[in-house]
Q: 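Please read through the structure below; I'll follow up with questions.
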Amino acid sequence: MITRLSQLFLRTLRDDPADAEVPSHKLLVRAGYVRRIAPGVYSWLPLGLRVLRKIENVVREEMDAIGAQEISLPALLPREPYEATNRWTEYGPGLFRLKDRKGVDMLLGPTHEELFALTVKGEYSSYKDLPVVLYQIQTKYRDEERPRAGILRGREFVMKDSYSFDVSDEGLQTSYDAHRAAYQRIFDRLGLKYVIVAATSGAMGGSASEEFLAESPVGEDTFVRCVESGYAANVEAVVTAAPDEKPIDGLADAKIYDTPGTETIATLVDWANANLDREVTAADTLKNVMVKVVQPNGKTEILGVGVPGDREVDMKRLEASLAPAGIEMLTDADFAANPFLVKGYIGPKALQSNEIRYLVDPRVVTGTAWITGADEAGKHYVGLVAGRDFTPDGTIEAAEVRDGDMSPDGAGPLVSARGIEIGHIFQLGRKYTDAFSVDVLGENGKPIRVTMGSYGVGVSRLVAVIAEQMHDAIGLRWPSEVSPYDVHVVIANKDEAAREGGERLAAELNSAGFDVLLDDRKSSPGVKFKDAELLGVPLIVVVGRGWAEGKAEIRDRFTGESTEVPGDEVVATVVMRRN
Ligand code: ATP
Ligand code: MG
């Protein structure tokens, strides 16, 4: 196929869009791949759609290769199945809800576990039918709180979601492993740099789960790795190694001190070093952070979170630990309604005597002694011992994970980096099949409850992720597997010979099986070169000044190399470069 730029529905922009912060967003808009319609809602223009379709095809080929079968479910869905699993409530404000003309509740699907479980229940009834893996590549809807970076986090986006159904846990493990390998092949074919990390399961429920994160400084996920052991996890999923409990016998009694003006950990540590005859660090203090936990049904509860004073509470870790509930900060009104919460001096004792749920960092084990609030302005406890003077209601993973922290497997220090989630695989188990009693008859005639996995790839997000990882200072750069065209031929001279030469080369390249973008516009060579660089087709063939001597120039967008080639060797050179 030859597409002429003079005909293509495309206008490139000289300036970055005002709302764009990350490079992929700027470039995809400037290069005319996508256009914004509303926050998190984008149109695909011809070039963008071609990239999207190519990514879809890579995903489709690799899913088909593991025996998954493609189907397509509606995006417009009834409420009842999501009511049965409680996700109508649990999804909270993230769900797009609507009513039909009869006033019946409906939703736009954010993910389809319920419907796939029901679909399999509808068709299959024997253990002989299983395992089965079904998938779709479909538009999903989520009313994201912070739609971001163009198509990177949309409110409407394309996902490949697949679901496996097995009669045994071993079967589920096999389906999971097959997906894991298929995802590796997909992301390898797309040329991405990514890591597979342990993940939490969030709103999905279930147990084992891993995420595929594309490495990127603009990623919203933080992951940690231990070079020594290969351990890798989303920080949300890092489990803090708890130290051993210590004996309480022989520990000094807790004592209240006047500590005026010590609302912050820094001022408290200064006070302690000036007034206690030992060296104190922030890690000796216990900081109590108050949050409001908002259940999906709207019920709220005040929660106290105790962490060593040298660490911040990581709100994303806290949120992941409390999911599907959300968290909010306490308002002045909340403090006024609970006068025992004395800002800067909150301690475990007042929380416990006022029946506020109190969860602590796993490092706060029985027998550890802390400097912490005494619940009165200007007063702190010294030597308040966990398991003796206060007993938390449990532990919570909320403290920040830092570079240099010991890996949970004890093998070495953790290093952190940022990534963009491009895929997520879950062993769901029976959460959804229980909700709908999805059973098949076993060999012995007894019903077996089916076990499920669910697996997602962010297909439209991948367009932005590839752009993000591959772009350079002057524009987009597409790996050949997903580039909208194989070759971009630029006619860079006004004379008739160059025009004819460009046309002829385009036709030859097309006959050799390449998709060609031909810049046959009347614009100046400078404008054409800039556009070619911006659009990001990996090979650019320039028919310009050299054509008078029968030579074209081949530019490689990835290496930056430019070579002069006789006109009759252009096709052979392109063939060679593409392989
Ligand atoms: P995130 O943590 O980025 O919000 P998620 O964990 O909610 O993603 P999943 O439910 O695991 O997402 O969905 C499967 C895949 O769909 C994700 O790995 C991601 O690549 C993609 N995806 C999820 N939300 C969006 C979105 N708002 N826009 C584009 N792609 C998305
Ligand atoms: Mg996910």
Side-chain angles (χ1 to χ4, degrees), residues 22 24-25 28 34 36 38-42 44 48 52 55-56 59 63 75 87 90-96 108-114 116 135-163 179-180 183 186-187 190 192 194-206 208-216 218-223 233-237 316-317 319-320 323-324 326 418-428 432 453-469:
V22 310
S24 62
H25 185 192
L28 288 168
V34 296
R36 181 181 178 279
V41 182
Y42 282 77
W44 296 91
L52 181 68
I55 295 173
E56 275 182 28
V59 173
M63 292 312 299
R87 287 214 293 183
E90 275 182 12
Y91 241 107
L95 199 61
F96 272 108
L108 297 177
T111 170
H112 283 67
E113 281 73 10
E114 285 81 352
F116 274 78
Y135 77 99
Q136 59 179 353
I137 296 177
Q138 190 229 28
T139 305
K140 297 276 186 280
Y141 296 87
R142 295 182 185 180
D143 197 356
E144 298 277 358
E145 193 176 1
R146 286 177 289 273
R148 181 178 168 260
I151 53 169
L152 209 48
R153 178 174 299 286
R155 296 196 296 165
E156 175 181 286
F157 59 97
V158 181
M159 194 200 289
K160 184 287 298 177
D161 46 330
S162 46
Y163 306 85
H179 273 89
R180 197 176 192 274
Y183 279 27
I186 291 168
F187 301 132
L190 299 179
L192 289 168
Y194 65 95
V195 285
I196 305 175
V197 304
T200 55
S201 11
M204 228 50 95
S209 122
E210 288 169 295
E211 283 166 354
F212 292 71
L213 301 182
E215 296 176 44
S216 168
V218 308
E220 290 186 287
D221 284 277
T222 306
F223 64 95
N234 192 311
V235 282
E236 291 173 10
K316 286 185 85 178
R317 264 167 64 72
E319 234 164 66
R418 296 180 79 81
I420 304 169
E421 186 183 322
I422 48 178
H424 199 163
I425 51 178
F426 287 97
Q427 296 193 22
L428 293 173
Y432 294 90
S454 99
Y455 317 88
V457 169
V459 174
S460 55
R461 174 177 287 184
L462 277 169
V463 177
V465 170
I466 295 169
E468 202 59 51
Q469 278 197 354

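All ligand and atom numbering here is 1-based and tracks the order in the structure. The first residue in the sequence is number 1, and the count goes up from there.
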Q: Between F187 and F212, how do the two ring planes meet: parallel, tilted or perpendicular, split at 30° and 60°?
A: tilted
Q: Enumerate the atoms of ligand 1 whose separation from the nearest heavy atom of E144 is less than 4.0 angstrom.
A: 24 (N), 26 (C), 27 (N)
Q: Please confirm if an N, O or S atom belonging to E421, backbone or side chain, lies less than 2.8 Å from the Mg ion (ligand 2).
A: yes
Q: Apply side chain to side chain donor-acceptor pair (under 3.5 Å) to the pair Y163 and D161, showing each step before the final yes or no.
A: CA-CA 7 Å; Y163 306 85; D161 46 330; 2.5 Å; yes
Q: Mark yes or no for whether E210, through its side chain, and I425, through its backbone, hold a donor-acceptor pair below 3.5 Å.
A: no
Q: Please work out which of R142, H424, M159 has its closest non-hydrogen atom nearest to atom 12 (O) of ligand 1.
A: R142
Q: Do Y135 and K160 come within less than 4.5 Å of each other through their side chains, counting heavy atoms only?
A: yes
Q: Taking the Mg ion (ligand 2) as the reference point, name the nearest N/O/S atom of H424.
A: ND1
Q: Can R146 and E220 be said to form a salt bridge (charged side-chain N to carboxylate O under 4.0 Å, His left out), step by step?
A: CA-CA 11 Å; R146 286 177 289 273; E220 290 186 287; 5.3 Å; no
Q: If we only count heavy atoms from C-beta on, is the I422 to Y183 side-chain gap below 4.5 Å?
A: no
Q: If you measure every N or O of R461 against every N or O of ligand 1, does any of those distances drop under 3.5 Å?
A: yes
Q: Any N or O of G154 that comes nearer than 3.5 Å to an N or O of ligand 1?
A: yes
Q: Is the closest basic N to carboxylate O distance between E113 and R87 below 4.0 Å?
A: yes
Q: Does any N or O of ligand 1 fall below 3.5 Å from an N or O anywhere on S460, backbone included?
A: no
Q: For ligand 1, which atoms sit closer than 4.0 Å to a heavy atom of L152?
A: 28 (N), 29 (C)
Q: Tell me whether ligand 1 is touched by I422 - counting only heavy atoms on the residue side and a distance under 4.0 Å.
A: yes
Q: Which is it for E421 and ligand 1 at heavy atoms under 4.0 Å: side chain, backbone, both or neither?
A: both
